[in-house]
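Notes follow once the structure below has been shown.
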Protein chains: 2
Amino acid sequence: MVTQRCCTFAVNHGPSHAVTPGSRIVGTRGNLWTMVTRGRRPTIADVARAAGVSVTTVSAAMSGKGRIDPATRARVQEAARAAGWTPRRAAQALRSGRTGTIALCIPPDRSSWADWMRHSSYLQQLTAACAAATIDAGRLMLLAPRPAERVELAGLDVDGLLLLDPVRADPVVRMCAAAGVALVTVDREPGSTSPWWVGNDHRAATRGVLDHLHERGARSVALLTGAERWAWLEDAHAAYAQWCAERGAPPLVRALDMDRPADAAAHATSALLAAGERPDAVLALPTHAALGVLAAARAAGLDVPGDLRVVAGVDGPEMAAARPAVTALDLRPAELGARAVAMLVRRLGGEPPTGPDLVATDLLVRASS
Amino acid sequence: MVTQRCCTFAVNHGPSHAVTPGSRIVGTRGNLWTMVTRGRRPTIADVARAAGVSVTTVSAAMSGKGRIDPATRARVQEAARAAGWTPRRAAQALRSGRTGTIALCIPPDRSSWADWMRHSSYLQQLTAACAAATIDAGRLMLLAPRPAERVELAGLDVDGLLLLDPVRADPVVRMCAAAGVALVTVDREPGSTSPWWVGNDHRAATRGVLDHLHERGARSVALLTGAERWAWLEDAHAAYAQWCAERGAPPLVRALDMDRPADAAAHATSALLAAGERPDAVLALPTHAALGVLAAARAAGLDVPGDLRVVAGVDGPEMAAARPAVTALDLRPAELGARAVAMLVRRLGGEPPTGPDLVATDLLVRASS
DNA sequence: TTGAAAGCGCTACCAG
DNA sequence: CTGGTAGCGCTTTCAA
């Protein structure tokens with residue numbers, strides 16, 4: 001591929017405005033509201049005056065709390081609408097101690113965060129779904145990398161956190177507990193018994209894939225997993241091991257470096273094919289890893305799915321676009337995100353846990369198997 | 001493609017927690033900090049006591065404002081660190097009138113928002129880059145759909161807004177001006193002369209594409225654009241028209257429905273190929289439209305690029321994965337996002353405008369041309 | 001260079 | 001069912 005720059009200018013680069021953690025956003029005199037609109041932004045005092053009630057009544061009427069006469073409530077709400085009043089979140093938060101804001105923390109750390117986001121349609125869909133669900137719940141969602149320290153978490157100033165792919169003894173989980181931030185994880189924390197998580201049943205999904213491959217004639221399925229210690233990889237691995245044991249088939253597992261999964265998968269697959277125990281199918285779990293398997297098969301002159309059946313553990317547009325199109329597990333990230341937000345809202349509301357919320361997995365059967 | 005559900009459970013669906021706009025997040029007694037950790041979250045009063053100074057001094061020392069003795073400042077900062085103090089954003093915001101938070105508003109409206117996000121790697125990269133840059137600037141970023149009304153905008157309670165793809169006389173632009181919310185747009189607002197935007201030079205990029213196609217032997221280039229009234233489509237269209245006029249070639253333009261651009265593009269291309277003025281190249285601007293062109297060419301039995309050269313106006317993984325791989329414009333959304341945040345931070349800081357910030361475009365030449 | 005005090009807008013508490 | 005009032009944690013203003 002050739003890259004050709006269409007237009008290169010001397011452009012205006014603003015100065016970098018990096019701020020050290022712990023420092024603060026300082027204001028100039030007056031806010032923009034005051035500067036632009038004549039007069040102040042309306043407060044409940046203005047609404048109270050207009051409706052002929054007290055601020056207490058306005059507060060209760062607008063929040064739905066308290067026992068307020070329906071007629072009074074209607075009058076107050078109309079006055080608020082007329083005045084263009086909107087609650088000032090900062091004031092609510094300061095008084096109530098709850099900010100009405102949650103954060104979505106996706107892996108990995110800050111450094112390669114944007115890269116991950118950029119390459120994983122799973123993350124992208126999950127993010128969009130969480131944001132949409134949060135707004136529907138009347139809250140606000142921040143998008144943030146995993147906080148590395150207590151101060152970073154505190155600096156978020158959120159009521160709750162959605163944490164994706166917690167690891168065993170996850171520091172973020174510990175920090176949330178210490179800081180009193182409500183937490184819901186997407187996928188369970190390995191080794192934890194917390195009921196506050198949503199996820200897929202990766203054991204069932206893996207069995208489904210393996211049964212599908214067997215049905216399509218595969219007799220020796222290799223598993224490409226990741227080196228990370230995530231519950232979904234553990235679960236898939238465990239289900240695979242058990243499935244192999246049930247059939248007396250020797251397990252064939254390779255753990256891939258998750259930084260460049262496609263390349264790592266290509267390398268691992270080539271090695272596997274060159275060795276004695278040549279598999280006739282591969283389940284490639286990490287995002288994009290299946291593309292590497294395809295490349296290795298092509299390099300080895302193998303037909304997919306004739307000589308080698310391939311299934312991806314995470315679906316994405318690349319799987320549908322690949323030739324042959326790759327059979328993949330649709331983990332339904334949009335559904336996961338919506339459910340995760342709903343659960344976090346329940347937790348924030350003080351409701352008791354109802355157990356993990358499992359989202360069904362779809363196997364999208366395409367040409368590669 | 002066959003879809004096979006791997007596991008279906010009776011799962012726990014929490015109640016839907018939709019909240020009507022204008023209602024508020026109400027708290028129960030006490031916040032989690034208080035409930036979980038023994039004692040209160042430290043305040044500047046605690047830090048002041050520990051450091052033996054007043055709260056005023058702590059405030060000045062931590063914010064970097066005011067004239068504070070360096071020794072005093074160091075002592076205060078150490079005390080703050082030791083106490084684990086973090087500024088409470090709500091209190092800062094209430095007092096200063098600035099929340100330290102910005103919002104990224106991406107098109108279109110609420111209804112199909114998650115869908116767009118899901119399918120456009122451009123949006124995804126832009127989003128990730130904005131979030132990362134915002135955090136680096138010590139601020140927080142909300143992800144939100146375009147506010148439809150004033151109350152929705154006010155409900156965001158943000159200092160500034162990043163607005164993607166403003167339309168002519170954009171209501172959000174008007175609302176921001178009225179509400180005193182600082183605004184930076186990604187791409188200019190058609191008809192506006194505001195200098196507060198970042199974007200690509202779509203005229204230059206379009207000329208670059210057309211020159212490239214001409215060089216590759218194309219003599220009749222069709223343009224597939226969108227029905228939306230976005231500046232980038234206007235600019236590309238204008239550059240195309242001028243380029244055609246310079247060569248005395250008749251322009252061949254079709255506007256596509258942006259909801260299903262690939263299908264619309266396939267349809268439009270088929271019609272174009274069936275008509276007399278059969279083009280030998282197509283520049284398909286809307287996201288994914290080029291894939292439809294490819295499908296139409298295949299259906300017509302045409303070789304790409306032999307009979308028909310194809311270029312996509314927006315790059316994405318689908319373009320690289322397509323067969324043949326599609327030559328595409330890389331609008332460099334990650335760069336756009338970083339620059340947009342930097343510009344918004346400058347505007348929030350009261351700095352004067354330095355003019356639009358243009359990001360260079362790369363033409364990624366692949367097999368389709 | 002530092003401190004005292006007011007008050008941002010709202011909700012919790014309690015009295016009527 | 002409604003109102004008065006205190007005060008959340010911080011920044012700002014003004015005085016020392």
Side-chain angles (χ1 to χ4, degrees), chain A residues 22-34 40-49 51-76 80 83 85-100 154-155 157, chain B residues 22-34 40-49 51-76 80 83 85-100 154-155 157:
Chain A
S23 76
R24 293 172 291 169
I25 307 303
V26 287
T28 50
R29 183 192 304 232
N31 62 26
L32 279 174
W33 226 101
T34 315
R40 306 165 1 272
R41 170 170 172 174
T43 73
I44 52 169
D46 299 314
V47 176
R49 210 170 304 118
V53 295
S54 72
V55 292
T56 311
T57 303
V58 175
S59 178
M62 298 307 294
S63 70
K65 304 263 283 197
R67 309 132 304 235
I68 299 284
D69 182 83
T72 308
R73 163 159 296 153
R75 193 154 41 90
V76 170
W85 176 84
T86 322
R88 180 166 277 213
R89 286 184 186 262
Q92 292 183 312
L94 181 57
R95 180 62 244 216
S96 68
R98 319 171 95 287
T99 59
D157 241 336
Chain B
S23 76
R24 294 171 291 170
I25 307 303
V26 287
T28 50
R29 183 193 303 232
N31 62 26
L32 279 172
W33 228 100
T34 315
R40 305 166 0 272
R41 170 170 170 173
T43 73
I44 52 169
D46 299 314
V47 176
R49 209 170 304 117
V53 295
S54 72
V55 292
T56 312
T57 303
V58 174
S59 178
M62 297 307 292
S63 70
K65 306 264 284 197
R67 309 134 303 243
I68 298 284
D69 183 83
T72 307
R73 164 159 295 154
R75 193 152 42 89
V76 169
W85 175 84
T86 322
R88 178 166 280 212
R89 286 183 186 263
Q92 291 183 312
L94 181 58
R95 179 63 240 219
S96 69
R98 317 169 99 288
T99 60
D157 242 335

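Numbers restart at 1 for each chain; the letters A, B, ... are given by sequence-line order, proteins then strands. Because the structure is predicted, anything quoted here is derived from the model rather than measured.
- The NZ atom of A:Lys65 sits 19 Å away from the P atom of D:dG3 (whole-angstrom rounding).
- Among the nucleotides D:dT2, C:dG3, D:dC10, the one closest to the side chain of B:Val53 is C:dG3.
- In plain terms, the two heavy atoms of A:Ala90 and B:Leu94 that are nearest each other are CB-N, 3.8 Å.
- With rounding to the nearest 0.5 angstrom, the OG1 atom of B:Thr86 is 9.0 Å from the CE atom of B:Met62.
- Nearest to the side-chain atoms of A:Ile44 among the listed nucleotides C:dC13, D:dT11, C:dT11 stands C:dT11.
- For A:Thr56 and A:Ser59, the side-chain atoms include no donor-acceptor pair closer than 3.5 Å.
- In this structure, A:Trp85 places its CH2 atom 12 Å from P of C:dG9, rounding to the nearest Å.
- Protein atom CZ of A:Arg98 is 18 Å distant from nucleotide atom P of C:dC10, rounded to whole Å.
- The shortest heavy-atom contact between A:Val53 and A:Val76 is CG2-CG2, 3.9 Å.
- Comparing D:dT12, C:dG3, D:dT5 by their nearest atom to the side chain of B:Ser59 picks out D:dT12.
- Between D:dG3 and A:Thr57, a contact under 4.0 Å exists linking OP1 or OP2 to a side-chain N or O.
- Atom CG of A:Asp157 is separated from atom C1' of D:dG9 by 11 Å (rounded to the nearest Å).
- Taking atom CZ of residue B:Arg49 and atom C1' of nucleotide C:dG3, one finds them 15 Å apart after rounding to whole Å.
- Rounded to 10°, the helix from C:dT1-D:dA16 to C:dG16-D:dC1 has 30° between the axis fitted to its first five pairs and the one fitted to its last five.
- Taking only distance into account, the side chain of A:Thr56 meets the base of D:dG4 through a donor-acceptor pair shorter than 3.5 Å.
- Of all nucleotides listed (C:dT2, D:dT2, D:dC10), D:dC10 comes nearest to the side chain of B:Thr43.
- Here the OG1-CZ distance, from A:Thr43 to A:Arg49, works out to 7.0 Å after rounding to the nearest 0.5 Å.
- One atom, CZ of B:Arg88, and another, P of D:dT11, lie 13 Å apart when rounded to the nearest Å.
- Annotation: of the two residues near DNA chain D, A:Arg73 and A:Val55, the 5′-most nearest-nucleotide partner is A:Arg73.
- Listed here is the closest heavy atom pair of A:Arg73 and A:Lys65: NH2-O, 3.7 Å.
- As rounded to whole Å, 15 Å separates atom P of C:dT2 from atom CE of B:Met62.
- Listed nucleotides D:dC1, D:dC8, C:dC8 differ in distance to A:Leu94; the shortest reach to its side chain belongs to D:dC8.
- Comparing D:dG9, D:dC1, C:dC10 by their closest approach to the side chain of A:Asp69 singles out D:dC1.
- Candidate nucleotides D:dC10, C:dT2, C:dA12 were compared by shortest atom distance to the side chain of A:Arg95, and C:dA12 ranks first.
- Contact detail for B:Arg89 and A:Asp157: the closest heavy-atom pair is N-OD2, 2.7 Å.
- D:dG7 atom C1' lies 16 Å from atom CD of A:Gln92, rounded to whole Å.
- A:Val47 approaches A:Trp85 most closely through the heavy-atom pair CG2-CB, 3.7 Å.
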